[in-house]
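Shown next, in structure tokens, is the structure this report addresses.
Since the structure is predicted, the reported quantities are computational estimates derived from the model, not experimental observations. Chain letters run A, B, ... following the sequence lines, proteins first and then strands; every chain starts at 1. The figures here come from the full heavy-atom set of this structure, side chains too, leaving out hydrogens, waters and symmetry mates.
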Amino acid sequence: MLDIALIRKNPDAVKTRLAARHGDWPAQIDAVLRCDVQRRQAETQLQTLQADRNRISKEIGAKKKAGEDTSAIEAQVRGFGDEMKRLNEQTAALDAEQRDLLLGIPNLPHENCPVGESAEQNPEVRVWGEKPAFAFTPKSHVELGEAHGLFSFERGTKVAGPAFVCYMGKGARLERALVNFLLDRQTGEGGYTEVAPPLLVNRDALIGTTQLPKFGDQLYHCADDDLFLVPTAEVPVTNLHREEILRADQLPIKYAAYTPCFRREAGAAGLGTRGLIRMHQFDKVELVKICRPEESAAELESLTADAERILQLLGLHYRTIELCTGDIGFGSAKTYDIEVWAPGQGGYLEVSSCSNFGDYQARRMALRYKGEDGKNQLCHTLNGSGTALARLYVALLENYQQADGSIVIPEILRPYFGADQIG
RNA sequence: GGAGAGGUGGCUGAGUGGUCGAAAGCAACGCUUUGCUAAAGCGUCAUACGGGAAACUGUAUCGAGGGUUCAAAUCCCUCCCUCUCCGCCA
């Protein structure tokens with residue numbers, strides 16, 4: 001969330017920067033400010049009363065020790081009770097209201113985040129490789145997968161429901177090969193520490209990384225235990241250090257985690273109609289960084305490079321775009337998306353989204369570090385897919401399909417897959 | 001799930017209604033001295049939110065939330081977590 005002190009001090013600058021996003025955020029800023037004034041007023045009144053009470057209570061203690069009568073003075077303080085209770089309730093209510101308002105306001109886009117209305121204005125940052133040429137009409141991964149028995153939507157639907165898939169045989173092996181390849185690469189050359197986190201998380205964790213309170217309708221919820229299936233490893237992994245004060249020499253922290261991701265995709269159009277591209281459950285290797293504020297800009301660049309490296313090693317043509325202010329996620333200050341070419345789709349597929357959240361998540365989860373000056377400061381948090389599996393899987397099948405219908409496995413993946421090709 | 005024990009500052013650990021935000025020790029940091037890879041002495045050393053230009057100052061926090069009281073780390077209730085034993089179990 002945003003710093004109330006910053007909003008108080010410089011409301012116009014905050015409004016200007018939020019105006020580049022969609023939504024009536026200036027009105028929300030005014031609402032927070034109104035609440036803040038009331039809250040502090042009530043708080044000051046309460047504290048004054050508490051100070052009086054504390055002072056008099058100490059007097060009573062001293063007098064009792066001295067054997068003096070205190071009944072009159074006790075009766076006087078007794079009268080404080082109702083007013084204190086009232087102010088206490090008022091303060092608590094205003095405090096909760098202010099927090100709710102702040103939780104509902106998105107992050108400020110970074111100063112150098114491109115201004116734009118929608119995805120059409122996202123600038124292309126770089127392109128790697130080029131589209132492969134086919135002497136035949138490339139097939140969709142759905143067709144290829146069916147032909148080779150790699151996965152079955154029918155069986156996924158039978159045991160779970162629409163938009164679930166079941167990988168089978170060589171298809172399951174390929175998925176596992178990709179997971180292992182990604183983890184080995186990111187924990188080896190990439191320098192990330194591997195984490196295997198819980199797949200169910202609590203509310204506090206989801207508030208910390210901004211999925212709650214606003215986007216709860218996208219989460220699978222286990223009501224009996226009030227736990228949620230992770231929509232991304234970002235949630236458990238970033239929250240690993242919530243409410244901690246880290247030592248400066250621990251930073252930057254770099255984690256890589258493989259998990260399935262569960263998303264309800266409520267209201268999503270075309271769900272399940274395009275094969276593996278949008279599913280309720282998909283695998284992902286996520287990269288998470290916790291660092292000092294002055295490091296986060298450079299860490300985002302290297303994080304994005306770590307994700308891109310995967311596609312380079314697999315020989316897949318991709319482009320990297322930067323999200324403009326109208327398209328950027330709720331908690332992010334700056335985001336790069338990596339899109340891989342999928343010939344069977346005739347388009348690019350988003351396989352990674354790399355974001356710098358600045359101190360926005362860290363403030364929500366009270367994640368700090370002790371600086372050299374001994375002062376506690378909020379960390380910056382970042383995350384990015386390194387990468388998502390299902391769409392990578394799609395790209396692999398579609399880019400490496402041959403005229404005879406077989407699929408060549410890229411060299412680097414062969415030790416993991418145990419064969420040179422499928423079919 | 002059942003029985004018992006317990007949750008205090010970075011750590012260990014006192015504290016069972018009143019000058020306790022909390023003794024003591026350890027660790028850390030600063031200074032001094034001696035000198036050498038260590039010791040001694042002194043000092044500093046939790047967090048959040050307010051007020052103040054600042055010096056400084058107020059309030060809250062001893063797992064969380066409620067209650068009793070003029071006053072709660074300390075008494076009462078509820079919940080959470082940890083440990084031990086039992087049960088169940090991949």
When the distance from [atom1] of [X] to [atom2] of [N] is rounded to whole Å, what number comes out?
X      : N     : atom1 : atom2 : result
A:K58  : B:G18 : NZ    : P     : 13 Å
A:I4   : B:G50 : CD1   : P     : 8 Å
A:D249 : B:A28 : CG    : P     : 13 Å
A:Y369 : B:A46 : OH    : C1'   : 19 Å
A:Q50  : B:U61 : CD    : P     : 8 Å
A:L49  : B:A71 : CG    : C1'   : 14 Å
A:Q250 : B:G10 : CD    : P     : 14 Å
A:M84  : B:G66 : CE    : P     : 13 Å

Is there a donor in the side chain of [X] and an acceptor in the side chain of [Y], or the other way round, less than 3.5 Å apart?
X      : Y      : result
A:Y192 : A:D306 : yes
A:Y369 : A:N376 : no
A:E234 : A:T238 : no
A:Q98  : A:R39  : yes

TODO: Might you work through the salt bridge (charged side-chain N to carboxylate O under 4.0 Å, His left out) test for A:E83 and A:R86, ending with a clear yes or no?
DONE: CA-CA 5 Å; A:E83 181 68 355; A:R86 190 187 68 78; 3.2 Å; yes
Task: Given RNA chain B, 5'-ward residue of the pair A:E74 and A:T48, judged by closest heavy atom - done: A:T48
Open item on the list: Both A:G61 and A:R55 contact RNA chain B. Which one's nearest nucleotide lies toward the 5' end?
Closed with: A:G61
Among [options], which is the nearest nucleotide to the side chain of [X]?
X      : options             : result
A:K85  : B:G50, B:G18, B:G67 : B:G67
A:R368 : B:C70, B:U47, B:G50 : B:U47
A:S57  : B:G50, B:A46, B:G18 : B:G18
A:R40  : B:G51, B:G21, B:G58 : B:G51
A:R39  : B:G67, B:C49, B:U47 : B:C49
A:R78  : B:C70, B:A60, B:C49 : B:C70
A:A51  : B:G50, B:U47, B:G58 : B:G58
A:R53  : B:C49, B:C70, B:U47 : B:C70

Task: A:R8 atom CZ, over 12 foreign heavy atoms within 6.0 Å - done: yes
Task: A:Y416 and A:F181 aromatic ring geometry - parallel, tilted or perpendicular at 30°/60° bounds - done: perpendicular
In whole angstrom, give me the gap between the [atom1] atoms of [N] and [M].
N     : M     : atom1 : value
B:G63 : B:U74 : P     : 8 Å
B:A28 : B:C45 : C1'   : 8 Å
B:G58 : B:C79 : P     : 39 Å
B:U82 : B:G66 : C1'   : 23 Å
B:A73 : B:G15 : C1'   : 8 Å
B:C76 : B:A3  : C1'   : 23 Å
B:G65 : B:G9  : P     : 15 Å
B:G7  : B:A14 : P     : 9 Å

Look at all strands and tell whether [X] reaches a base, only sugar-phosphate, or nothing, counting heavy atoms closer than 4.0 Å.
X      : answer
A:D95  : nothing
A:I56  : nothing
A:K370 : sugar-phosphate
A:R99  : nothing

Nucleotide forming a Watson-Crick or wobble pair with [N], both distances under 3.5 Å:
N     : value
B:A40 : B:U32
B:U12 : B:A24
B:G1  : B:C86
B:G17 : none
B:G58 : B:C49
B:U74 : none
B:G6  : B:C81

Open item on the list: Salt bridge check, A:K284 against A:E286: does any charged N sit closer than 4.0 Å to a carboxylate O?
Closed with: yes
TODO: State whether A:N54 places a side-chain N or O below 4.0 Å from either non-bridging phosphate oxygen (OP1 or OP2) of B:A71.
DONE: no
Task: Short side-chain N/O contact to B:G50 OP1/OP2 from A:R8, under 4.0 Å - done: yes
Open item on the list: Less than 6.0 angstrom separating the ring centers of A:F215 and A:F330, yes or no?
Closed with: yes
Open item on the list: Under the side-chain contact (heavy atoms from CB on, under 4.5 Å) test against A:L396, which residue among A:I422, A:L316, A:L144 passes?
Closed with: A:L316
Task: Distance-only donor-acceptor test, A:E43 side-chain atoms vs B:G50 base atoms, 3.5 Å - done: no
TODO: Measure from the side-chain N and O atoms of A:N383 to the backbone N and O of A:V288, and report whether any donor-acceptor pair falls under 3.5 Å.
DONE: no
Polar pairs (N or O, both sides) under 3.5 Å between protein and nucleotides 87-89 of chain B?
none

